[in-house]
Protein chains: 2
Amino acid sequence: MATRTPRIYDVARSARVSIATVSRVANGTARVYERTEARVRRAMERLGYRPHALARGLATRRSHTLGLLITDILDPYFAEIVRGAQERAESAGYVVLLGDASVHTSAEDLLVKRLLERRVDGLIVASSRTTDAYAAQLASEDIPVVCINGPLGQFAHAVQIDHRKGARLAVEHLASLGHTRIAHITGAVGVPTRQERLAGYRAALKDLGLSYDPSLVIAGVTSIADSHDAVAGLLGLAAAPTAIFAFNDRWAIGAYAAVRDAGLRIPADVSVVGFDDLEMDEWVQPALTSVRQPRREMGRIAADVLLAVLAGESASELVVVEPSLVIRGSTGTRRAHADRH
Amino acid sequence: MATRTPRIYDVARSARVSIATVSRVANGTARVYERTEARVRRAMERLGYRPHALARGLATRRSHTLGLLITDILDPYFAEIVRGAQERAESAGYVVLLGDASVHTSAEDLLVKRLLERRVDGLIVASSRTTDAYAAQLASEDIPVVCINGPLGQFAHAVQIDHRKGARLAVEHLASLGHTRIAHITGAVGVPTRQERLAGYRAALKDLGLSYDPSLVIAGVTSIADSHDAVAGLLGLAAAPTAIFAFNDRWAIGAYAAVRDAGLRIPADVSVVGFDDLEMDEWVQPALTSVRQPRREMGRIAADVLLAVLAGESASELVVVEPSLVIRGSTGTRRAHADRH
DNA sequence: TGGCCGCTTGAAAGCGCTTACAGGATAGGC
DNA sequence: GCCTATCCTGTAAGCGCTTTCAAGCGGCCA
């Protein structure tokens with residue numbers, strides 16, 4: 001006889017107490033005689049009682065659920081943020097509800113609607129598509145929001161890597177190897193971090209006394225294939241770059257293919273630096289030099305901030321994490337005999 | 001004055017109807033006068049009403065949530081299954097709750113407990129750690145379960161790729177290139193699909209008239225580094241293999257490194273075939289030949305089966321999907337001048 | 001032994017929604 | 001214009017849990 005899964009009422013009857021007492025034992029919200037508690041625990045054990053999270057959520061007005069908005073779970077960048085957030089959430093008894101923008105044909109706000117209907121207690125927005133206007137709308141909801149690498153603003157908490165510094169690390173590294181013509185493949189237009197990294201790139205060039213050449217900056221790249229094409233174009237230039245700083249590692253991989261197609265070699269002819277430091281960086285040939293972003297840590301911090309706010313504690317409005325440069329085989333000294341051509 | 005988010009009661013009052021009528025309009029569960037409906041809709045619009053999913057779930061005993069158990073979201077294999085399941089679930093108004101085994105320090109059954117507390121309506125188990133005993137325990141819960149590439153059994157629905165056939169495709173391809181000493185790096189012990197692929201490997205060898213050499217089969221590999229070490233060992237053998245069939249693409253990448261370390265080349269000295277067909281296969285050098293597994297499709301099918309069961313329709317107990325071989329640059333004809341050594 | 005105090009415990013009212021069930025409005029037939 | 005059949009709508013009882021409030025219990029001191 002498969003008896004239905006037991007309710008709190010069943011436990012109460014079995015332990016000969018009221019449901020209030022069972023609730024108290026289950027949550028430890030009030031003192032209970034040791035004897036009584038033992039009876040209740042035994043009953044819970046015996047029946048295999050599992051509290052009903054929905055009912056609990058309804059009664060407490062807390063779903064113990066965190067919403068996490070991302071652009072694409074297939075992108076390791078986001079996957080690791082998810083991991084970090086889940087780890088922190090889990091340790092606090094929270095669950096993470098994923099909103100993956102690329103799953104939905106419809107707009108992102110429908111996604112948010114889904115999450116809000118689920119009554120998430122707070123929201124982490126890691127999606128790179130987030131616009132200011134959209135984020136502001138989010139903030140008008142009455143739950144705490146924290147953005148990861150999103151637009152800075154007063155409306156929400158933020159966790160950011162220091163993008164300018166990251167870009168600077170890349171450019172300085174390339175310059176130290178003798179490169180003077182350093183191209184930059186930027187992020188897609190509208191990605192909030194794009195401007196920051198570009199600014200860091202320009203600032204570093206300036207500080208190093210290198211000239212800024214707009215023709216070496218490619219905008220509007222949205223895929224590996226895009227990046228491939230863009231780099232192919234750059235290599236065809238009369239004054240082609242000897243080094244490429246890509247907005248992220250995937251764009252860098254696109255650059256790899258273009259360099260190979262052009263019959264050139266990395267790093268002998270062209271050096272490449274990516275951004276993110278994905279697992280695959282170690283396995284591509286040559287291994288990719290990249291600006292490391294502690295993504296998992298960022299996810300964890302975001303969840304941490306959210307949980308703090310939910311607990312009524314004060315939480316920092318802005319957390320900036322430090323990038324670092326991981327030097328691998330894709331960068332080398334510029335060849336002595338000047339640029340090709 | 002940030003007024004609280006409106007309840008069904010607020011809508012009802014605003015539209016001068018009862019909450020029952022609002023509910024009927026919101027769900028379309030019963031006829032309502034056109035005039036009344038218009039009033040209600042306007043009120044919902046005006047107030048920005050968003051039904052409370054928890055309350056609804058409590059009343060209907062349906063959470064409209066699917067649980068999805070995976071081993072690691074950072075592994076693209078799982079990530080794509082998640083994507084597929086989410087796509088299908090989303091289109092049916094369901095939400096997917098992820099249970100990532102690698103997030104939890106504790107055992108997997110705690111993970112399941114979390115999901116069950118959340119009252120998921122059904123469960124997809126894609127985790128490769130799933131043992132028969134554990135799965136059986138799952139099945140004793142009163143919700144439908146479907147396993148992806150899990151152990152076959154009577155207790156749950158299953159979605160499987162034809163592993164034997166996949167292994168056969170790999171071996172036949174290598175044999176057709178002249179290879180006779182084909183090694184196999186198997187999956188971790190306990191991974192249910194391991195036996196199937198191994199069986200396919202052996203069957204293919206037999207059918208092709210090739211001898212089976214146990215020293216060419218490596219078991220117990222659980223990481224890329226493991227695979228690297230195992231392959232290093234193989235290459236040191238007096239009668240080293242000229243081709244390697246890896247349990248998955250990540251193991252194949254480990255093999256790449258070992259081959260390079262040994263001063264050998266792919267595919268000139270050693271051919272490599274992986275399993276899964278991940279995105280990175282196209283970007284590693286040389287591009288990896290691999291047995292394609294339609295992971296997203298499998299996730300979608302799993303969700304589909306689950307939804308069918310939940311809808312009270314009959315659903316197939318076992319869905320077998322077809323593998324295919326994607327031939328890239330990592331496999332080539334065996335060199336004429338016999339094996340090295 | 002009586003009175004008082006500090007505990008633990010139970011009764012009951014919600015949390016926001018769905019859904020029989022019954023009541024009232026509407027329309028149709030005469 | 002009256003009666004019945006049909007529909008729409010409202011009332012109220014839950015769904016499983018938390019939490020206030022008051023009652024009950026035992027122990028202590030006088």
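First the proteins, then the strands, lettered A, B, ... as listed; each starts at 1. Keep in mind that what you see is a predicted model, and the values were worked out from it rather than measured.
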Examine distances only and state if a side-chain atom of H157(A) and a backbone atom of C147(A) form a donor-acceptor pair shorter than 3.5 Å. no
Is there a side-chain contact between Q160(A) and V319(A) in this structure, where contact means two heavy atoms from C-beta onward sitting under 4.5 Å apart? no
The nucleotide from dT18(D), dC8(D), dG16(D) with an atom nearest the side chain of L58(A) is dG16(D)
Whole angstrom value for the distance that separates P of dT18(D) from CZ of R62(A): 15 Å
P51(A) or A20(B), whichever maps to the more 5' nucleotide of DNA chain D: A20(B)
With no hydrogens and no angle check, do the side chains of T5(B) and R50(B) hold a donor and an acceptor under 3.5 Å apart? no
Using a cut-off of strictly less than 4.0 Å, decide whether Y49(B) has a side-chain nitrogen or oxygen near OP1 or OP2 of dC17(C). yes
Where the side chain of N27(A) is defined as all heavy atoms beyond and including C-beta, which of dA11(C), dT18(D), dG10(D) is the nearest nucleotide? dT18(D)
Nearest-Å distance for atom pair CZ/P, residues R56(B) and dT18(C): 5 Å
Which nucleotide in the set dT19(D), dC8(D), dG10(D) lies at the smallest distance from any side-chain heavy atom of T21(B)? dG10(D)
Do the side-chain N and O atoms of T65(A) and R118(B) include a donor-acceptor pair separated by under 3.5 angstrom? yes
R35(B) has an atom CZ; how far is it from atom P of dC7(D), in whole Å? 18 Å
Verify the contact: side-chain N or O of T36(B) to OP1 or OP2 of dT9(D), cut-off strictly under 4.0 Å; return yes or no. yes
Of the candidates dG16(D), dT9(D), dG10(C), the side chain of S18(A) sits closest to dG10(C)
Let me know the distance between CZ of R118(B) and P of dG16(D), rounded to the nearest Å. 18 Å
Would you indicate, yes or no, if dT18(C) has its OP1 or OP2 atom less than 4.0 angstrom from a side-chain nitrogen or oxygen of S23(B)? yes
Nearest to the side chain of A59(B), heavy atoms from C-beta on, is which of dG14(D), dC17(D), dG10(C)? dG14(D)
Please pick, from dT18(C), dT9(C), dC8(D), the nucleotide with the shortest atom-to-atom distance to any side-chain atom of R31(B). dC8(D)
Regarding L54(A), tell me which of base, sugar-phosphate or nothing describes its non-hydrogen contacts under 4.0 Å with the strands shown. nothing
Rounded to whole Å, the CG-C1' distance (D10(A) to dG16(D)) equals 11 Å
E117(A) CD to dG16(C) C1': how many Å, rounded? 14 Å
In terms of side-chain heavy atoms of R24(A), which of dT19(C), dT18(C), dT9(C) is nearest? dT9(C)
Looking just at side-chain N and O atoms, do S63(B) and D121(B) make a donor-acceptor pair shorter than 3.5 Å? yes
Distance-only polar pair, side chains of S14(B) and R42(B), donor-acceptor under 3.5 Å: no
Could you state the CZ-P distance from R61(A) to dC17(D), rounded to the nearest angstrom? 18 Å
Between dT9(C), dT19(C), dG16(C), spot the one nearest the side chain of A55(B), thanks. dG16(C)
Without decimals, in angstroms, what is the distance between R7(A) CZ and dC15(D) C1'? 9 Å
